[in-house]
Protein chains: 2
Amino acid sequence: MEKIRNEMAGEITLSATPGSTMKKWREIFAITQVELADLLKISPSTISDYEGNRRKSPGSGVIKRFVGAILEIDTQRGSPILSKFQQGEGKSEQYFELHEFATSISAIDFQKMLNASVVANEELMKSKKLYGYTLMESLKIILEMPYSQFPKLYGTMSERAFIFTQVSTGRSPMVVIRVTPMKPSLVVLHGLKEVDPLAIKIAEREKIPVISTNMDLAKIKEVLNKI
Amino acid sequence: MEKIRNEMAGEITLSATPGSTMKKWREIFAITQVELADLLKISPSTISDYEGNRRKSPGSGVIKRFVGAILEIDTQRGSPILSKFQQGEGKSEQYFELHEFATSISAIDFQKMLNASVVANEELMKSKKLYGYTLMESLKIILEMPYSQFPKLYGTMSERAFIFTQVSTGRSPMVVIRVTPMKPSLVVLHGLKEVDPLAIKIAEREKIPVISTNMDLAKIKEVLNKI
DNA sequence: AAGCGACTTCGCCAAAAGACGTACACAACT
DNA sequence: AGTTGTGTACGTCTTTTGGCGAAGTCGCTT
């Protein structure tokens with residue numbers, strides 16, 4: 001859902017005629033101007049003005065509300081169109097969750113938000129900036145995920161935090177990082193009991209700071225989704 | 001390149017604080033406000049005003065120019081950051097080209113633009129609308145492309161044209177469509193010599209109109225990229 | 001402490017955006 | 001021929017955007 005939302009918004013924004021592109025999407029979702037206007041609490045003629053490219057550069061707010069309304073209407077209808085778009089998406093999502101932040105955040109602030117303690121490479125913390133995170137169950141990633149999915153762990157940016165859940169010693173997660181071509185900026189271990197010395201060795205060699213938290217998983221997601 | 005452009009624009013547009021997200025991207029590309037302002041021929045303070053969220057809903061034009069300038073600067077520098085984003089992208093692109101139109105286009109208009117003749121299901125032409133196309137070499141797709149790539153042929157929308165190049169009888173392309181779960185709205189055969197009867201049979205069963213053109217490939221791309 | 005580069009804050013102004021309502025075009029259908 | 005649903009065109013209004021420049025902050029380097 002968030003993927004198609006972003007794609008719609010991006011395409012409208014980049015179009016030479018944003019209004020025509022808005023129209024295109026409304027038609028794809030088979031929604032009338034009246035329906036859309038009702039939900040947005042504006043008049044249908046306003047919609048038509050946009051679609052006729054009377055406003056050459058509609059504001060991000062308008063585009064955001066427009067895209068949101070289209071997706072909401074489709075959802076209310078039982079997602080007849082949305083379901084078409086989400087066919088190929090399920091595969092990667094069963095292994096991990098990707099999230100990009102709207103603004104950058106420093107590793108230090110990130111650590112504070114998660115109420116985490118530093119396990120390795122504390123001196124590297126202050127120079128790191130984060131632009132998103134990837135949350136995954138360490139065992140599932142190692143045992144079940146096909147190799148072809150690995151590059152997807154990085155989303156758009158490698159300047160991100162890898163959050164591993166259900167960790168016992170932290171060894172396996174660090175090995176995963178060791179054998180992957182790209183490297184995250186920060187590693188978060190969740191549920192850690194005892195730190196494996198090899199995990200720290202790897203962290204030092206790869207120059208990646210590692211922090212540990214035991215905050216409730218739902219709480220973690222809630223906090224991070226605000227960024 | 002177009003993918004990351006769209007992603008940036010979409011993210012900025014959807015953000016609750018578009019300015020902060022603009023800032024995030026400028027920082028990711030390690031560009032100063034002054035550089036950006038120079039290229040955009042506006043004053044640096046204007047950039048700062050945006051980034052400080054003084055404009056709550058920047059217009060699509062601003063966002064488009066902003067994203068464009070960032071990508072241009074990075075390109076001029078030899079794409080130090082862009083190259084990071086384009087790592088995993090090459091795989092699918094060697095098999096086919098995807099393109100989404102900014103506005104919808106009718107199958108009839110599409111046919112005229114390509115100077116094409118109808119091979120099958122002429123009566124279905126008038127009801128079809130297209131939102132993009134996928135261009136591929138028929139032999140390469142059949143012989144070399146891994147199965148996992150097939151869903152990607154449809155881009156965001158299945159309401160699109162499949163353009164097969166280097167076609168002799170049109171049989172194999174139609175077989176590909178027969179065995180794929182999703183179906184395109186229109187098939188274009190390029191370089192067709194003699195139509196295989198089975199190809200037409202498949203088209204009729206799948207209710208997909210088929211047209212044929214011999215227009216120069218470069219010309220085709222040029223024409224379609226204007227939509 | 002002086003200077004420099006990068007960035008922020010703010011008052012101000014012209015030009016658009018954002019919205020409305022009315023009028024109008026054009027297919028369906030009764 | 002009349003009505004109903006969908007979409008366009010446009011005059012008009014207020015609020016924002018989009019832009020500038022001057023003044024100021026905040027680290028660095030020298």
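Basis for what follows: all heavy atoms, side chains included, without hydrogens, waters or symmetry-related copies.
Between Leu14(A) and Arg5(B) the shortest side-chain heavy-atom distance falls below 4.5 Å.
Side chain of Ser57(B), nearest nucleotide from dG21(D), dG18(C), dC20(C): dG18(C). Taking only side-chain atoms of Val62(A), from C-beta outward, the nucleotide of dG18(C), dG18(D), dC20(D) with the closest atom is dG18(C).
Distance CZ (Phe66(B)) to C1' (dG19(D)): 16 Å, rounded to an integer number of Å. Atom-to-atom, CG of Leu36(B) to C1' of dG19(D) comes out at 15 Å; the value is rounded to the nearest Å. Rounded to whole angstrom, the span from the NZ atom of Lys41(B) across to the P atom of dG21(D) amounts to 15 Å. In this structure, Asn53(B) places its CG atom 13 Å from P of dG18(D), rounding to the nearest Å. Rounded to whole Å, the distance from NZ on Lys64(A) to P on dG18(C) is 13 Å. Nucleotide dG21(C) holds its C1' atom 14 Å from the CD1 atom of Ile42(A), rounded to whole Å.
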- Query: Between Met8(B) and Ile70(B), does a side chain to side chain contact (heavy atoms under 4.5 Å, CB included) hold up when you go through it step by step?
  - Reply: CA-CA 10 Å; Met8(B) 290 167 70; Ile70(B) 284 185; 4.0 Å; yes
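Under a cut-off of 6.0 angstrom, the local environment of CG in Asn115(A) is sparse, with at most 12 non-hydrogen atoms contributed by other residues, nucleotides or ligands.
When the side-chain nitrogen and oxygen atoms of Tyr50(B) are compared with OP1 and OP2 of dG19(D), one or more of them lie within a distance under 4.0 Å.
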- Nucleotide pairing, DNA chain C (Watson-Crick or G-U, distances under 3.5 Å), in dot-bracket with [ ] and |: ||||||||||||||||||||||||||||||
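One finds no salt bridge joining Lys201(A) and Glu204(A) here, because no Lys/Arg side-chain nitrogen approaches an Asp/Glu carboxylate oxygen to under 4.0 Å. A salt bridge does not link Glu222(B) to Lys219(B): none of the charged nitrogens lies less than 4.0 Å from a carboxylate oxygen. Salt bridge Arg160(B)/Glu100(B): present, at least one basic N to carboxylate O contact under 4.0 Å. Ion pairing between Glu27(B) and Lys129(A) holds under the 4.0 Å rule for side-chain N and carboxylate O.
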Any N/O pairs under 3.5 Å between the protein and nucleotides 5-12 of chain D? List them or say none.
residue : atom : partner  : partner atom : Å
dG7(D)  : OP1  : Arg26(A) : NH1          : 3.1
dG7(D)  : OP2  : Gln33(A) : N            : 2.8
dT8(D)  : OP1  : Lys23(A) : NZ           : 2.7
dT8(D)  : OP2  : Gln33(A) : NE2          : 2.6
dT8(D)  : OP2  : Ser48(A) : OG           : 3.1
dC10(D) : N4   : Asp49(A) : OD1          : 3.1
dC10(D) : N4   : Asp49(A) : OD2          : 3.1
dG11(D) : N7   : Arg54(A) : NH2          : 3.0
dG11(D) : O6   : Arg54(A) : NH1          : 2.9

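In plain terms, the two heavy atoms of Met174(B) and Ile202(B) that are nearest each other are O-CG2, 3.6 Å.
Using cut-offs of 30° and 60° for the angle between ring planes, the Phe29(A) and Trp25(A) rings count as tilted.
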